[in-house]
Amino acid sequence: MAFNVADYKTSVHNNWCPGCGDFGILNAIQMSLMDMQLDPERVTVFSGVGCSSKTPHYINTYGVHTLHGRVLPFATGGKLANPEMTVLAVGGDGDGLGIGAGHFVATGRLNLDITYIMFNNGVYGLTKGQASPTLHLGQQTKSLPNPNIIHEINPLILALSSGYTFIARGYAYDVAQLKALIRQGIEHPGLSFIDILQPCPTYNNINTRDWFGGADRKGEDGKAMPRVYKLDPNLYDPLISAETTDEEIHQKIAAFFAKATEWGDQIPSGVLLQNLTQSTYEERVIESLPKYKKNPPAKRQIESDNKPVLKINTILDELRVA
Amino acid sequence: MAFNVADYKTSVHNNWCPGCGDFGILNAIQMSLMDMQLDPERVTVFSGVGCSSKTPHYINTYGVHTLHGRVLPFATGGKLANPEMTVLAVGGDGDGLGIGAGHFVATGRLNLDITYIMFNNGVYGLTKGQASPTLHLGQQTKSLPNPNIIHEINPLILALSSGYTFIARGYAYDVAQLKALIRQGIEHPGLSFIDILQPCPTYNNINTRDWFGGADRKGEDGKAMPRVYKLDPNLYDPLISAETTDEEIHQKIAAFFAKATEWGDQIPSGVLLQNLTQSTYEERVIESLPKYKKNPPAKRQIESDNKPVLKINTILDELRVA
Amino acid sequence: MDLKGQSFSWCVGGAQGSGVDSAANLFARACAFGGFHVFGNREYYSNIIGEHSYFEVRISDEPVLGHTSSVDLLTTFDAETPFLHLDQISEGGALLYDASLVDVPLEKLPTIEPRAKQDLAKMFDEHGLPHTLDAIIQLARQRNISLHAIPYEDVLKADDALGQLPFSTLKRMVNTMSVAASFALIGYDFSYFHKALEAIFQSKPKVVEMNAKAAQLAFDYTKKEMGEPTLPQLKPLEVNEPRVYINGNQAVGLGKLAGGCSVQTYYPISPATDESTFLEQHQSFDVEQGDDGSILVLQTGDEIAAICSAIGAALTGARAATSTSSPGFSLMAEGLGWAGINETPVVVTLYQRGGPSTGLPTRSEQADTQFALNIGHGEFPRIVLASGDLEEAFYDAIRIFNYAEKYQTPAIHLLDKALANFGKTFSYFDLSKVEIERGALLKDSQLTAGADFNRFSFQENGISPRSVLGQPGGRTWYSGDEHLEDGHMSEDPINRDRMMEKRAQKLVVALEEIPTEDQYTLHGPSDAETTLVSYGSPKGALLEAIQRLNSSGHAVNYLQARLLSPFPAQAFTEILSKSKLKIGIEANFSGQFSQWVQQHTCVKMEHLVVKYNGRPITVDEVEAAVLNILSGNAPQKVVLRHGI
Amino acid sequence: MDLKGQSFSWCVGGAQGSGVDSAANLFARACAFGGFHVFGNREYYSNIIGEHSYFEVRISDEPVLGHTSSVDLLTTFDAETPFLHLDQISEGGALLYDASLVDVPLEKLPTIEPRAKQDLAKMFDEHGLPHTLDAIIQLARQRNISLHAIPYEDVLKADDALGQLPFSTLKRMVNTMSVAASFALIGYDFSYFHKALEAIFQSKPKVVEMNAKAAQLAFDYTKKEMGEPTLPQLKPLEVNEPRVYINGNQAVGLGKLAGGCSVQTYYPISPATDESTFLEQHQSFDVEQGDDGSILVLQTGDEIAAICSAIGAALTGARAATSTSSPGFSLMAEGLGWAGINETPVVVTLYQRGGPSTGLPTRSEQADTQFALNIGHGEFPRIVLASGDLEEAFYDAIRIFNYAEKYQTPAIHLLDKALANFGKTFSYFDLSKVEIERGALLKDSQLTAGADFNRFSFQENGISPRSVLGQPGGRTWYSGDEHLEDGHMSEDPINRDRMMEKRAQKLVVALEEIPTEDQYTLHGPSDAETTLVSYGSPKGALLEAIQRLNSSGHAVNYLQARLLSPFPAQAFTEILSKSKLKIGIEANFSGQFSQWVQQHTCVKMEHLVVKYNGRPITVDEVEAAVLNILSGNAPQKVVLRHGI
Ligand SMILES: Cc1ncc(C[n+]2csc(CCOP(=O)(O)OP(=O)(O)O)c2C)c(N)n1
Ligand SMILES: Cc1ncc(C[n+]2csc(CCOP(=O)(O)OP(=O)(O)O)c2C)c(N)n1
Ligand code: SF4
Ligand code: SF4
Ligand SMILES: [Mg+2]
Ligand SMILES: [Mg+2]
């Protein structure tokens with residue numbers, strides 16, 4: 001049975017603003033699922049709360065639209081209980097790096113096999129355009145009464161420090177690249193993070209589609225020189241594998257750092273890091289609890305004819321006093 | 001008036017376990033306050049909850065023993081309302097990097113002028129020794145039924161990614177160095193983070209005083225070769241100032257990274273980063289609200305003969321409709 | 001048609017982002033400039049652009065207390081609004097619509113909710129009508145609603161100058177035109193419209209000019225086409241006082257500035273954020289003496305940080321608050337408990353919204369009542385003060401800081417989305433009515449630098465003189481653990497009991513000290529046999545409803561609670577015992593406030609009138625529900641269901 | 001002296017980390033091996049090493065229900081314990097103490113609370129006694145308490161072999177010696193002591209050997225020095241059944257394993273963590289068929305993540321729970337609301353501890369009652385089931401998953417620190433008494449892959465058949481926003497009303513379906529004029545107290561609530577209406593459960609008996625309070641203050 005892209009779409013009316021970057025991301029997710037021919041009923045898309053977090057309602061898989069900032073813990077519980085499911089987590093920059101920053105870090109440490117896609121628009125969209133954690137210091141978008149006095153966070157570097165083993169950046173209007181990145185993220189065995197530059201035409205009048213596209217920077221040929229560029233695989237190798245030496249790792253981290261901090265006129269996109277040397281959380285569980293592999297929590301049989309299956313006496317014997 | 005070290009001590013019975021590394025840190029804090037001759041009544045020590053967070057009760061300044069994980073937001077409110085106060089924030093690794101990880105990141109972005117001292121013992125001490133976020137993957141301390149399956153977080157790197165502008169590491173049993181580090185942290189104009197390796201003799205039987213001291217590693221002379229060593233100022237320069245070039249900054253970050261990831265047989269201590277190029281939150285407030293400088297919230301006059309001082313009509317005029 | 005009870009209800013609807021709010025603002029201001037009292041109710045989706053929103057404006061020559069279920073003039077410029085609001089148009093009312101949209105099929109309107117679409121389709125089928133807007137027009141005609149079609153685009157296109165402009169520009173003016181046409185229908189002096197237009201777009205003369213032109217076209221067109229007026233023709237009134245039109249968020253913000261709040265923390269959340277934005281805009285303001293009028297507004301990483309930072313600030317002596325809505329409030333449970341045990345005066349402004357969970361983020365409910373009264377594990381005193389209207393919201397925003405400081409305890413200012421977004425015209429507020437009372441806050445001169453100090457000293461009234469962080473001579477330890485008088489941790493059972501009793505005592509004292517009129521009000525005839533028991537935003541609807549009921553011979557009064565904690569249980573018991581029929585009225589499912597009353601008085605509410613569809617209770621709903629109950633045919637629980 | 005009502009109370013105290021728990025464990029086990037029923041109560045500071053802790057063990061030939069205020073034998077090996085516990089020793093009781101400590105001055109004991117120190121000093125001064133332990137001995141002598149001094153160190157030093165060991169090693173054995181000496185005083189068969197010692201230190205034969213030796217010395221020394229026995233001499237009983245000694249954390253952990261919980265999330269917090277540790281230790285276990293007996297225990301970054309991850313797991317069909325205590329619970333408010341609106345069966349095990357805030361982290365209170373019943377903004381159904389003793393705790397831990405799944409709603413298992421740390425001997429639990437009921441959980445065969453599915457379909461009983469994440473044919477959208485039957489967001493007012501009503505209906509059904517005996521129990525004579533109304537951990541004390549009261553001619557019964565939400569209001573109203581005097585008894589300040597009853601029944605509790613010093617209510621306290629109230633001299637609110 002082959003799934004086509006329509007199989008990943010719902011009929012729910014999409015109420016994002018016209019021109020919102022979210023549309024591109026939504027398409028890319030749907031296309032990557034199709035690309036991989038993932039059975040929509042075996043996929044769950046979790047989200048937080050925000051414009052971007054409405055995404056699951058538009059994707060015809062299982063969808064879990066959770067709480068503001070809590071997408072990762074929800075997704076963690078779902079994935080660990082049913083590891084056979086493909087799990088995507090999606091949400092805004094406010095969701096993931098504002099109220100959700102603690103979970104962003106904690107989940108990084110687990111390296112469980114989910115893919116986290118962050119719609120990074122520099123604002124809290126759904127609450128009408130306040131500065132989000134990625135809005136740069138000193139910038140004043142439309143709805144701010146004063147320039148932003150809180151320093152931005154760099155999502156890529158935070159992901160690195162938190163232990164994400166696949167770190168990429170995409171751009172909402174480069175759906176082809178995005179689709180590939182999401183697929184790579186899903187295929188990566190471990191926790192993937194994809195930071196997506198997402199213009200919010202309604203509230204972010206600084207990092208606009210024009211700005212990312214370099215409409216204000218015409219080259220000699222009169223063409224816009226886009227700010228977002230793709231990492232050249234010949235010049236930048238994001239892979240850390242068992243063969244990579246410590247020395248090389250340090251070099252790669254330094255290169256990662258250099259790329260991750262590029263901003264302004266040159267904004268790299270593509271895979272910035274893929275680390276294959278870390279075990280996943282699921283593997284670690286199996287090490288101490290081999291039964292998990294065959295019978296993860298969602299699949300365990302807990303009753304037989306409505307009676308508990310636990311052999312309780314075995315445990316009671318340990319506690320026996322008479 | 002000169003303060004001596006006793007002026008920084010309370011008569012409250014200290015109920016830490018005998019041999020706990022916390023004692024050394026407490027002493028170092030008291031000594032650095034004395035060193036700086038800070039008036040105890042102009043200092044507030046905030047803490048979270050945990051063994052280490054009992055610290056304020058032993059220091060004869062104002063003390064605010066807050067909630068588990070919330071030391072930084074409390075301290076932020078206190079400092080911003082009364083910026084004349086010297087504010088220290090103290091607490092455990094669980095407090096700061098477990099439940100408090102979100103605030104750790106968010107506060108880094110503010111770069112306000114407080115000093116955060118983390119008692120890093122690899123365990124949740126007060127709740128009887130569960131793995132804390134800094135306990136390394138695969139380790140099994142005394143009270144763990146199974147080896148730790150969650151990857152550790154590196155506090156130094158997390159601090160860097162979060163925007164802390166002073167990052168140092170101390171060791172609980174090197175009180176002299178610690179005292180100096182804390183003083184530097186307090187003197188640093190901006191947010192300082194001091195990660196302190198703190199043996200917990202009761203629960204952490206891996207990263208013990210002996211282990212840090214290298215008791216298991218005898219040199220040729222038969223002497224223990226300590227794992228913790230001091231960064232050599234001739235070889236490692238942590239300072240980023242207005243003069244530092246972008247190129248140098250990248251080098252420094254790479255060097256920082258290399259040092260921050262050293263563990264095992266070589267554990268660096270000292271100042272790992274001091275960045276003087278960032279404005280503090282207080283400075284940024286003043287830029288858009290110059291009145292803040294002279295009359296911060298705690299000092300503002302809000303009434304005159306019990307009557308509100310607001311000239312309300314000025315604002316009402318803006319909203320006038322008839 | 002008559003101006004019913006001197007009031008006239010107007011409503012404009014349309015897609016979010018299409019100018020509904022501006023239209024309402026224009027209408028309201030123009031009415032206010034003409035001397036009318038105005039009341040506004042704003043409804044919108046949790047969405048930025050495209051979903052259906054509407055604004056009801058009710059005007060009168062007397063202050064308007066609430067809004068009604070029906071509207072006298074429904075003004076529209078899209079296809080969706082007539083579909084959704086037809087039923088709401090009053091007997092003898094009017095509908096203004098875009099003539100070019102009559103053929104728009106119901107099915108082509110993606111933002112109409114599936115249930116509504118089904119119901120409409122079914123109704124059309126039953127009436128043998130097409131599934132287009134035309135069906136609505138026909139139904140309106142059947143109901144004798146006066147119909148006013150205006151082809152906005154054609155009207156504009158017919159103009160030489162405007163006709164040249166691109167369609168997208170023209171479209172941005174239909175909202176203004178709909179207001180102008182409305183004024184034509186009610187025969188209003190058009191100069192007030194111009195005044196309002198200028199006031200609103202002060203800084204954009206080009207916008208004013210263009211819109212004025214478009215408006216004139218719409219006004220003239222309507223005048224020409226309308227025939228005999230069917231709506232009341234409104235004549236401007238004289239006003240001898242300056243007035244403002246403000247909404248609840250602004251009223252509270254203003255109250256905070258007046259009350260000396262100098263730190264506000266927040267994390268964005270509807271419908272609370274606008275208050276913080278208002279404060280950010282007014283972070284610097286004029287004061288009677290000196291130049292220190294300022295407030296520090298801190299956007300935190302989440303609501304946990306918001307409450308904790310506010311507490312940290314409060315410990316320094318600054319008056320500190322945080323403002324939030326239901327989900328954010330859920331995250332403040334632990335922080336509030338800390339403030340409770342540490343006797344810290346911190347204010348939380350809570351705008352309740354439709355719950356549970358994310359619920360109905362932009363709709364109203366009073367469903368956090370018991371939660372606010374019980375939030376936080378363990379027991380600690382708290383002040384919970386609930387405002388019933390915007391005037392109370394303003395003064396309460398000041399008073400609550402007094403209570404917080406006098407009783408050294410967290411204080412919750414309980415509001416809701418309805419109040420946040422209700423708008424109303426007011427005379428200028430009078431600050432001479434209020435005092436700033438800082439309670440047992442110690443001056444530096446009352447302390448001895450370096451000396452020992454017991455922040456939590458045992459006192460008969462439970463209130464210990466308070467120092468602040470950094471103050472010489474007031475050195476204190478604060479701890480979330482149970483503590484001694486000096487603040488150091490203690491698990492001693494005897495000290496524990498004393499501390500619990502000390503803290504609880506403060507609320508006993510508060511109940512004695514807070515003026516009765518700030519605790520509750522019995523509105524209407526005190527000897528009425530029927531008593532409506534309520535708190536908060538339904539106040540306006542209740543007040544007008546009991547007026548109507550009493551005029552029609554039903555003796556009904558209304559007991560409004562303001563102070564929910566500490567609760568004036570004895571007074572309530574006495575008042576309620578005198579009444580034969582007690583009816584709890586509130587905007588939630590289970591009658592939470594009635595349960596609170598029952599828990600404290602053991603007096604049963606014989607009936608509950610509740611509403612939980614997220615739309616505020618209207619005057620008509622209250623009136624009808626009470627009449628229904630009085631008729632003896634109502635169930636124990638009457639559910640109000642008006643709302644679009 | 002007699003074995004009062006067949007029971008004997010023993011208490012050991014000492015610094016945390018000095019072996020108090022091991023001593024108690026030894027004593028309890030040895031008693032249990034000898035056929036006695038054992039009940040234990042453990043008290044300790046929020047501290048790792050050094051602060052005062054104690055363990056009360058009460059034994060009898062019948063099951064012991066609770067603990068008493070007094071102890072018959074106070075066993076000590078430090079100086080602090082006699083200072084603090086002297087008053088507790090019963091008439092005719094005994095004190096065992098370290099003879100070498102008599103000169104230790106009160107002032108030298110840093111861990112005694114300042115208030116206690118002052119009071120003791122004052123008392124010594126009044127009696128003209130020195131401020132040393134000797135004063136206690138003298139006071140005990142005055143009270144005819146039989147005194148047994150044992151010079152632990154000297155006894156050890158006198159031994160050839162042990163005497164050689166370093167002092168630090170010797171010191172680690174005084175706890176064992178104190179137990180041995182205790183057994184000497186009650187003439188117990190010493191072989192049970194040895195059996196217990198071996199059972200406890202199974203894996204450490206050297207420890208067993210050394211301690212056995214030291215114990216023998218203490219036993220012999222005491223036998224020699226004690227003179228005529230003054231305490232009851234206990235003879236072992238026959239047991240014909242296997243028994244366990246377990247505490248509340250273990251009972252709940254076992255229940256979860258039996259109930260099929262396969263995901264447990266937690267963030268460490270006292271007194272809940274031990275349950276999760278128990279589960280981690282038993283993450284793999286034997287089952288009747290196959291080999292899949294396992295539970296995934298996930299330590300999360302905080303309690304917000306704990307509840308959210310548990311919900312995520314529950315959505316996959318796994319039975320999922322999280323276990324926490326009061327501050328952690330405060331952080332779960334928002335998550336619970338999400339589970340509520342999304343009809344997710346997630347279980348929260350809540351061990352209430354002394355609040356507010358960090359409060360008394362290792363003490364007990366029932367002060368989260370109303371909070372648990374109202375937690376979360378907005379209104380959503382929830383099951384709140386409260387266990388009164390360890391047996392109920394075990395079976396309820398199973399049942400609550402059934403309720404959660406049948407009614408598809410979050411469920412709170414309400415416990416407290418007292419229950420967590422109470423220990424009791426039990427016959428083996430009988431799993432044939434319980435069923436696993438999964439409610440409307442759909443099998444794959446009941447669904448059609450690829451077809452549309454309405455997870456929240458409207459049903460008369462409110463319960464919609466449920467699919468799980470990843471299940472073919474059950475595709476669902478979950479949202480914290482109000483939603484349609486398929487789970488997609490909706491702000492339609494009519495759908496909203498229906499969804500609210502659907503969700504609320506589930507609790508109506510639950511109240512009909514849950515067996516009455518699992519909702520509440522009326523203990524004692526059903527026609528008694530006086531009714532004690534309570535829930536949770538005071539059960540044991542209440543049961544024994546009403547036995548005593550009825551034996552002494554007072555007709556008193558006790559209405560125990562188990563199901564707090566949905567609340568059996570009608571049944572309570574009926575039962576309470578029959579009673580003349582209603583007394584609410586609970587471990588908090590304001591009588592929260594009584595208020596809950598009042599809110600639902602409007603029946604007033606004439607008296608409240610409350611305790612809020614963090615120590616569990618004892619049998620004697622209940623008895624005395626009720627007698628006091630019956631005498632007519634008691635205030636409306638009686639406060640219990642026993643506790644050390
Ligand atoms: C606890 C809580 N606090 C605040 C909110 C209000 N809120 C809803 S969406 C949002 C921000 C959304 O910003 P982001 O995550 O960046 O998503 P975007 O809308 O930009 O896609 C906020 C603050 C909430 N729903 N819950
Ligand atoms: C909300 C909340 N969750 C859990 C706890 C329980 N708790 C108290 S201290 C602590 C951990 C302390 O660990 P750490 O911060 O590393 O400090 P340490 O004791 O090791 O110094 C925890 C989990 C709490 N007090 N509050
Ligand atoms: S507000 Fe911004 S992010 Fe939200 S839907 Fe509109 S354009 Fe997109
Ligand atoms: S448990 Fe560890 S960290 Fe806590 S006081 Fe004891 S030694 Fe120190
Ligand atoms: Mg965003
Ligand atoms: Mg720690």
Side-chain angles (χ1 to χ4, degrees), chain C residues 45-46 113-116 326-327 329-331 333-334 337-338 340-341 354-361 363 365 367-368 370-371 374-380 479-482 484 490-497 500 504 588-590 595 598-599 602-604 612-615 639 641 643-644, chain D residues 45-46 113-116 326-327 329-331 333-334 337-338 340-341 354-361 363 365 367-368 370-371 374-380 479-482 484 490-497 500 504 588-590 595 598-599 602-604 612-615 639 641 643-644:
Chain C
Y45 267 73
S46 175
E113 295 266 2
R115 192 274 320 154
S326 309
F329 189 63
S330 271
L331 293 173
E334 204 193 5
W338 194 95
I341 200 171
S357 196
T358 312
L360 296 167
R363 310 291 176 176
E365 206 174 11
D368 307 344
Q370 285 270 17
F371 183 46
N374 290 293
I375 191 171
H377 61 278
E379 288 159 301
F380 56 92
S479 174
D481 287 67
E482 190 55 273
L484 302 170
S490 163
E491 301 192 20
D492 176 37
I494 292 177
N495 175 75
R496 157 69 171 183
D497 278 357
M500 283 295 286
N588 57 46
F589 184 87
S590 55
Q595 296 200 320
Q598 290 180 178
Q599 143 173 358
C602 290
V603 176
K604 194 164 185 77
Y612 41 87
N613 70 5
R615 280 66 173 176
V639 182
R641 302 196 190 272
I644 293 150
Chain D
Y45 267 73
S46 174
E113 294 267 2
R115 193 274 320 153
S326 309
F329 188 62
S330 270
L331 293 173
E334 205 195 3
W338 195 94
I341 200 170
S357 195
T358 312
L360 295 167
R363 310 292 177 176
E365 206 174 11
D368 307 344
Q370 286 270 17
F371 183 46
N374 290 292
I375 191 171
H377 61 278
E379 289 159 299
F380 56 92
S479 173
D481 287 67
E482 190 54 275
L484 302 170
S490 164
E491 302 191 21
D492 176 39
I494 292 177
N495 175 75
R496 157 69 171 185
D497 278 357
M500 284 295 286
N588 55 46
F589 184 87
S590 54
Q595 297 202 319
Q598 290 181 178
Q599 145 173 354
C602 290
V603 177
K604 194 165 185 76
Y612 40 87
N613 70 4
R615 281 64 172 176
V639 182
R641 302 196 190 272
I644 293 147

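Reminder, nothing fancy here: chain letters follow the sequence lines and each chain counts from 1. Below, each value reflects all heavy atoms present in this structure, side chains not excepted, and no hydrogens, waters or symmetry copies.
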Undergrad: Using heavy-atom distances under 4.5 Å, tell me whether D/Tyr45 contacts chain C through its side chain, its backbone, both, or neither.
TA: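 Both backbone and side chain.
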
Undergrad: Under a 4.5 Å heavy-atom cutoff, which of C/Ala367, C/Ala504, C/Cys602, C/Gly614 has the most pairs with chain D?
TA: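 Sorted descending by pairs with chain D, the first entry is C/Cys602.
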
Undergrad: Could you tell me whether a side-chain N or O of D/Glu113 sits under 3.5 Å from a main-chain N or O of C/Glu491, the two making a donor and an acceptor?
TA: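 Pair found, side chain donor or acceptor close to backbone of C/Glu491.
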
Undergrad: Is there side-chain contact between D/Gln370 and C/Gln599, with heavy atoms separated by less than 4.5 Å?
TA: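 Yes - at least one pair of side-chain heavy atoms lies under 4.5 Å apart.
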
Undergrad: Name the region of D/Ser479, side chain, backbone, both or neither, that has any atom closer than 4.5 Å to a heavy atom of chain C.
TA: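 No part of it gets close to chain C.
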
Undergrad: With respect to chain C, which residue among D/Asn588, D/Ile375, D/Asn613 yields the maximal number of heavy-atom pairs within a distance under 4.5 Å?
TA: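 So the answer, after comparing D/Asn588, D/Ile375, D/Asn613, is D/Asn613.
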
Undergrad: Taking every heavy-atom pair that is under 4.5 Å apart, which of D/Arg363, D/Glu334, D/Gln598, D/Arg115 has the most such pairs with chain C?
TA: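 Option with the greatest count: D/Arg115.
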
Undergrad: Not counting sequence neighbours, which residues clear salt bridge (Lys or Arg N to Asp or Glu O under 4.0 Å) with C/Glu365? List them please.
TA: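 Applying salt bridge (Lys or Arg N to Asp or Glu O under 4.0 Å) to C/Glu365 gives D/Arg496.
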
Undergrad: Please find the pair of heavy atoms, one from D/Gly337 and one from C/Pro356, that lie closest to each other, and give the distance.
TA: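 Answer, listing the atom of D/Gly337 first, then C/Pro356: O-CB, 4.3 Å.
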
Undergrad: Locate the shortest heavy-atom distance separating D/Glu379 from C/Phe589; write the atom from each residue and the value.
TA: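 Nearest heavy atoms, D/Glu379 then C/Phe589: OE1-N, 2.8 Å.
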
Undergrad: Parallel, tilted or perpendicular: which describes the rings of C/His377 and D/Phe371, with under 30° parallel and over 60° perpendicular?
TA: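 Taking D/Phe371 first and then C/His377, their aromatic rings sit tilted (interplane angle of 30° to 60°).
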
Undergrad: Is D/Leu484 close to chain C through its backbone or its side chain, or both, or neither, when contacts mean heavy atoms under 4.5 Å?
TA: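 Side chain of D/Leu484 only, per the 4.5 Å heavy-atom cut-off to chain C.
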
Undergrad: For D/Asn495, what residues pass the side chain to side chain donor-acceptor pair (under 3.5 Å) criterion, not counting sequence neighbours?
TA: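 Residues passing side chain to side chain donor-acceptor pair (under 3.5 Å) with D/Asn495: none at all.
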
Undergrad: Only pairs of heavy atoms separated by less than 4.5 Å count here; which of D/Gly378, D/Ser357, D/Ser590 has the most with chain C?
TA: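 Result: the option with the highest number of such pairs is D/Ser357.
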
Undergrad: Quick one: of C/Glu482, C/Met500, C/Gln595, who has the most non-hydrogen atom pairs under 4.5 Å with chain D?
TA: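 The answer is C/Gln595.
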
Undergrad: Which atom pair, heavy atoms only, marks the closest approach of D/Gly359 to C/Ile341?
TA: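 The answer is CA-CD1, 4.4 Å.
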
Undergrad: Restricting to non-hydrogen atoms, name the atom on C/Ser330 and the atom on D/Gly376 that form the minimum distance, rounded to 0.1 Å.
TA: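 Result for this residue pair: OG-CA, 3.9 Å.
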
Undergrad: Could you tell me the separation between the CD1 atom of C/Ile644 and the CD1 atom of D/Ile494, rounded to the nearest 0.5 Å?
TA: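 Rounded to the nearest 0.5 Å, the CD1-CD1 separation comes to 10.0 Å.
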
Undergrad: D/Pro361, D/Pro327, D/Ala116, D/Ala333: which one forms the most heavy-atom pairs within less than 4.5 Å of chain C?
TA: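 Between D/Pro361, D/Pro327, D/Ala116, D/Ala333, the count favours D/Pro327.
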
Undergrad: Between C/Pro493 and D/Gly643, which heavy-atom pair has the shortest distance, and what is it?
TA: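 Shortest heavy-atom contact: CG-O, 3.4 Å.
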
